[in-house]
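Residue numbers start from 1 in every chain, and the chains themselves are labelled A, B, ... in the order their sequence lines are given, proteins ahead of strands.
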Amino acid sequence: MDAPFDLPQARIGWVCNWLVPELKEKEAKAFNLRDTTVAALLRLDLVARVDKLLDLVAHNAAALGRQVALTAALPPGQRAMRIASHAWPCYTHPATRPLYDEPALRAAIEELFPPIGEAAVAGDVRLSTHPGQYCVLTSAREEVLRSSVDEVEYHVELFRLLGLAGSWHPRGTHVNIHGGARAPGIDAFRAGMSRLSEAARNLLTVENDEVAYGLGDLLPLAGEVAMVLDLHHHWVATGEYIEPDDWRVATVAASWRGVRPMSHVSAPREELVGATQDLPDRAALLAAGVSARDLRAHAPRLWNGPHADWARRHLAWSDLEVEAKDKNLASAAFAAG
DNA sequence: GAGGGTCAAGTCCGT
DNA sequence: ACGGACTTGACCCTC
């Protein structure tokens, strides 16, 4: 409740991967975070496991530092990015989590990450994360709920080391998840939230999806958690091009309590819609035999002019993360358009 | 270096 | 009841 409107600048953000088409694949790796698998780690002996994680965490800190610097160098209206979730690989799996108690690994993390947060603040970069599909705060299964809480708290710990946790969405920082399982209902989300730390509840956001929890399903939570409006998910679910002056948008905006909201935008694949530059018509596409499932897929770019113009109007009240296969290239093109 | 198999996890939908 | 999709690759291993 304390935060002023601390980010007046409208921003277009990019997500997870920084593409550099002119570089060879190997060189481009320096710009992005690496990962490993639990199975691969467990095939190693104990010393090699820690060594491997040390190597990956050092690489990821360097890559994240580069990404923050690149984003800080963009015009003010493009200084927003989503951090890939594998900054600390395998951190939340029970079989590999204890490796992170090794003093050398812990020390490396505590040394390498705080300066990145300082650079983000100094460079006016808004940061977010988006835990994946396995993070389900509404799950009726205790073990799933527990691992989901662990997953959220991992992202919060990352932001704590970056100096961006502790109050309500500092500088717009957020950890964004979906509602999750439909059957347990919205009260299960409240129950899941009650298992989170206060720091986590201050960073959490909840985003509408196409299947389980749409915009209307989430609105009752607006007084309890900040809401991310995914414009594409809402279109896939309803066919509606929701407008910035809609009352539901006002409710979503108010859920951020004075911090500038974040919303998501993406476009359906061009080959499903055809060569037209008209606004894609969901009902007509479905009638023509296109499946709702296919409409969910993200196009490489925001390729449709009227669609991009509609999305751009939402910058009046919210920042926008562009979810597109071309990543930062799509965000930059959208910002330039 | 290339190619093919592997990868922790949940939920929903179609068959 | 079961397999595939979602996300969408990137990594790992063998040759």
Side-chain angles (χ1 to χ4, degrees), chain A residues 14-19 24-44 48-49 51-53 55-57 59-60 63 82-100 129-155 176-186 188-189 192 206-214 217 230 232-233 236-237 264 266 268-269 272 286 289-300 321-328 330:
Chain A
W14 60 277
V15 300
C16 297
N17 250 5
W18 183 272
L19 305 184
K24 299 210 186 305
E25 192 178 330
K26 202 165 187 176
E27 298 162 322
K29 281 194 175 188
F31 292 86
N32 291 295
L33 279 62
R34 293 176 53 212
D35 200 2
T36 187
T37 61
V38 172
L41 273 180
L42 294 183
R43 282 193 286 268
L44 304 172
R49 290 174 193 174
D51 281 348
K52 185 178 182 67
L53 287 177
D55 182 47
L56 287 171
V57 163
H59 173 94
N60 289 348
R82 183 189 301 170
I83 303 173
S85 283
H86 48 268
W88 306 343
C90 305
Y91 189 83
T92 56
H93 191 280
T96 46
R97 172 68 188 79
L99 296 168
Y100 281 88
T129 58
H130 195 357
Q133 60 202 330
Y134 303 110
C135 185
V136 182
L137 282 189
T138 44
S139 181
R141 297 167 51 195
E142 171 58 26
E143 70 191 63
V144 173
L145 179 54
R146 185 159 49 222
S147 63
S148 298
V149 167
D150 286 348
E151 188 68 18
V152 172
E153 296 289 352
Y154 153 61
H155 289 83
N176 180 51
I177 63 173
H178 290 285
R182 180 164 59 186
I186 204 71
F189 194 89
V206 64
E207 173 190 347
N208 60 302
D209 64 55
E210 312 95 323
V211 180
Y213 290 93
D217 300 316
D230 189 304
H232 182 64
H233 291 163
V236 171
H264 294 175
S266 48
R269 285 162 44 216
L272 298 175
L286 294 178
V290 177
S291 76
R293 172 180 296 175
D294 287 345
L295 289 179
R296 296 166 69 171
H298 296 164
E321 282 180 348
V322 177
E323 295 182 317
K325 289 176 79 73
D326 284 354
K327 305 297 183 190
N328 54 303

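- With A/Asn32 contributing its side chain and A/Trp18 its backbone, the two residues share a donor-acceptor pair below 3.5 Å.
- Atom name P, nucleotides B/dG5 and C/dG4: the rounded distance is 15 Å, in whole Å.
- When the P atom of C/dT7 is taken as reference, atom NZ of A/Lys327 falls 11 Å away, rounded to whole Å.
- Contact annotation: A/Asn32 does not reach the phosphate of C/dA10 (side-chain N/O to OP1 or OP2, under 4.0 Å).
- Separating the CZ atom in A/Arg296 from the CG atom in A/Asp209 is a distance of 7.5 Å, to the nearest 0.5 Å.
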What protein N or O atoms touch nucleotides 3-6 of chain C N or O atoms at under 3.5 angstrom, if any, and at what distances?
from, atom 1, to, atom 2, distance (Å)
C/dC6, O2, A/Gln133, OE1, 3.2
C/dC6, N3, A/Gln133, OE1, 3.3

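- Comparing the same atom, C1', in C/dT8 and in B/dT6 gives a spacing of 14 Å after rounding to whole Å.
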If you restrict it to nitrogen or oxygen atoms, what contacts under 3.5 Å exist between nucleotides 11-13 of chain C and the protein, and what is each distance?
from, atom 1, to, atom 2, distance (Å)
C/dC11, OP2, A/Lys29, NZ, 3.0
C/dC12, OP1, A/Thr36, OG1, 2.3
C/dC12, OP1, A/Lys52, NZ, 3.3
C/dC12, O3', A/Arg43, NH2, 3.3
C/dC13, OP1, A/Arg43, NE, 3.1

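- Looking only at distances, no side-chain donor or acceptor of A/Tyr134 sits under 3.5 Å from a matching main-chain atom of A/Ser147.
- In terms of the ring-ring contact (aromatic ring centres under 6.0 Å, His included) criterion, A/His93 has no residue partners (sequence neighbours excluded).
- A gap of 23 Å separates the P atoms of B/dG10 and C/dG9, to the nearest Å.
- Using atom C1' as the reference point in both B/dC7 and C/dT7, the two lie 13 Å apart (nearest Å).
- Judged by distance alone, the side chain of A/Arg269 and the main-chain N or O of A/Ala297 form no donor-acceptor pair under 3.5 Å.
- Not one N or O on the side chain of A/Thr92 forms a donor-acceptor pair closer than 3.5 Å with the backbone of A/Asp150.
- In terms of modelled atom types and a separation under 3.5 Å, the side chain of A/His86 and the main chain of A/Leu33 share a donor-acceptor contact.
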Which atom pairs, donor and acceptor, lie under 3.5 Å between side-chain atoms of residues 36-44 of chain A and protein residues at least two apart or in another chain?
from, atom 1, to, atom 2, distance (Å)
A/Thr37, OG1, A/Ala40, N, 3.1

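- Atom C1' of nucleotide C/dT7 and atom NE2 of A/His232 are separated by 13 Å, given to the nearest angstrom.
- Within the 3.5 Å criterion, the main-chain N or O of A/Ala188 finds no donor-acceptor partner in the side chain of A/Thr138.
- At a threshold of 4.0 angstrom between heavy atoms, the contacts of A/Thr92 include nucleobase atoms, whether or not backbone atoms are also involved.
- Helical stems of DNA chain C (runs of at least 3 Watson-Crick or G-U pairs, donor-acceptor distances under 3.5 Å) are listed by first residue: B:1-7 with C:9-15, B:10-15 with C:1-6.
- Separation of the A/His233 and A/His178 ring centroids falls under the 6.0 Å cut-off.
- A side-chain donor-acceptor contact under 3.5 Å links A/Tyr154 to the backbone of A/Trp88.
- The two atoms that bring A/Pro300 and A/Ala324 nearest to each other are O-CB, 3.2 Å, heavy atoms only.
- First and last contacting nucleotides of DNA chain B toward chain A (any atom under 4.0 angstrom from a heavy atom, 5' to 3' order): B/dC7 to B/dC13.
- Taking atom CH2 on A/Trp18 and atom P on C/dA10, their separation rounds to 16 Å, with Å as the unit.
- Side-chain contact of A/Glu207 with A/His130: a donor-acceptor pair under 3.5 Å is present, judged by distance alone.
- Here the options are A/Ile186, A/Asn208, A/Val206, the test is side chain to side chain contact (heavy atoms under 4.5 Å, CB included), and the partner is A/Tyr213; only A/Ile186 passes.
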